[in-house]
Visitor: 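Quick one: the structure is below, questions incoming.
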Amino acid sequence: MSKPYPMNIGSAADASGVSPKMIRHYEAMGLMPKVARTPSGYRTYTQDDVHVLRFIRHARDLGFGVDAMASLLSLWRDRRRPSAKVKALALAHLERLDVKIAELVAMKNTLASLAAHCHGDDRPQCPILEELAQDGHMGRHA
């Protein structure tokens, strides 16, 4: 059963899948436009506000950063936008994801190798700790 509009922040959070804390954060950052308030100061949300929150949640779930989300929102609102701009944002994000995936795979492989060389018994020698204690961190994953 859908909630009637306008709704309070808790209902908007339930309807959008975005926590009240993040809704306030997105509003403070300018991703979410300032919403109407009751005479007592409580935020009230419309169906359009919930739709924007869902859009933000989906973009966040895909790993887009705040700047990219702002650009995507702007393009989404502009019905005359060229889809090439949207695609360019998506492709740039894909490149960043590929770099991050490669870094994660390298970290995983390094840790797997270290774990394979650790005896995991009562001896104090441990290549995992020895590697972490080295000044020149091998993979620079920090």
Visitor: Any chance you could lay out the side chain to side chain contact (heavy atoms under 4.5 Å, CB included) test for R77 and L73, step after step, and finish with the verdict?
Guide: CA-CA 6 Å; R77 290 177 178 127; L73 278 165; 3.8 Å; yes

Visitor: Listed by chain and number, what are the ring pair (Phe, Tyr, Trp, His ring centres under 6.0 Å) partners of Y26, not counting sequence neighbours?
Guide: none

Visitor: Donor-acceptor check, side chain of R57 to backbone of S16, threshold 3.5 angstrom: yes or no?
Guide: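 Yes.
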
Visitor: What side chain to side chain donor-acceptor pair (under 3.5 Å) pairs are there with at least one residue in residues 87-102, not counting sequence neighbours?
Guide: none

Visitor: In terms of the angle between their ring planes, are W76 and H51 parallel, tilted or perpendicular, with boundaries placed at 30° and 60°?
Guide: tilted

Visitor: Taking only residues two or more places apart in sequence, or in another chain, which ones meet A13 in a side-chain contact (heavy atoms from CB on, under 4.5 Å)?
Guide: P20, I23

Visitor: Residues in side chain to side chain donor-acceptor pair (under 3.5 Å) with D121, at least two apart?
Guide: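 Side chain to side chain donor-acceptor pair (under 3.5 Å) check on D121 returns R123.
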
Visitor: Could you pull out all residues at least two apart from N8 that satisfy side chain to side chain donor-acceptor pair (under 3.5 Å)?
Guide: S11

Visitor: Counting C-beta onward and ignoring hydrogens, is there a side-chain heavy-atom pair between R37 and T44 closer than 4.5 Å?
Guide: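 Not in contact.
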
Visitor: Rounded to the nearest 0.5 Å, what's the gap from NZ on K34 to CE on M32? Could you check?
Guide: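 Nearest 0.5 Å value for the NZ-CE distance: 11.0 Å.
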
Visitor: Can you measure from CG (L97) to CG (L104) and round to the nearest 0.5 angstrom?
Guide: 10.0 Å

Visitor: Applying side chain to side chain donor-acceptor pair (under 3.5 Å), can you list everything that pairs with T46, at least two apart in sequence or on another chain?
Guide: D49

Visitor: Among residues at least two apart in sequence or on other chains, which ones pass side-chain contact (heavy atoms from CB on, under 4.5 Å) with H25?
Guide: M22, M29

Visitor: List the steps and the verdict of side chain to side chain contact (heavy atoms under 4.5 Å, CB included) for I9 and R24.
Guide: CA-CA 9 Å; I9 196 167; R24 288 187 290 272; 3.5 Å; yes

Visitor: How long is the straight-line distance from CZ of R54 back to CD1 of I56, given to the nearest 0.5 Å?
Guide: 12.5 Å

Visitor: Hey, could you give me the CZ/CG distance between R60 and L31, rounded to the nearest 0.5 Å?
Guide: 11.0 Å

Visitor: Please enumerate all residues that pass side chain to side chain donor-acceptor pair (under 3.5 Å) together with S40, with sequence neighbours excluded.
Guide: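 Only T38 meet the side chain to side chain donor-acceptor pair (under 3.5 Å) criterion with S40.
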
Visitor: Sequence neighbours excluded, which residues qualify as side-chain contact (heavy atoms from CB on, under 4.5 Å) partners of V99?
Guide: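 For V99 the side-chain contact (heavy atoms from CB on, under 4.5 Å) partners, ignoring immediate neighbours, are E103.
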
Visitor: What pairs with R81 under salt bridge (Lys or Arg N to Asp or Glu O under 4.0 Å), at least two apart in sequence or on another chain?
Guide: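 None.
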
Visitor: Which residues satisfy the ring pair (Phe, Tyr, Trp, His ring centres under 6.0 Å) test with H58, sequence neighbours excluded?
Guide: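 Here no residue qualifies.
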
Visitor: Same cluster or not: Y42 versus M7, using hydrophobic residues (I, L, V, M, F, W, Y) connected whenever any side-chain heavy atoms lie under 4.5 Å apart?
Guide: no

Visitor: Looking at F64 and L89, what are the two nearest heavy atoms and their distance?
Guide: CE2-O, 4.1 Å

Visitor: With rounding to the nearest 0.5 Å, note down the distance linking CG in D48 to CG in L53.
Guide: 11.0 Å

Visitor: With rounding to the nearest 0.5 angstrom, report the CD1 to SG distance, I128 to C118.
Guide: 4.5 Å

Visitor: Under the salt bridge (Lys or Arg N to Asp or Glu O under 4.0 Å) rule, collect the residues that match up with D67, sequence neighbours excluded.
Guide: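 None.
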
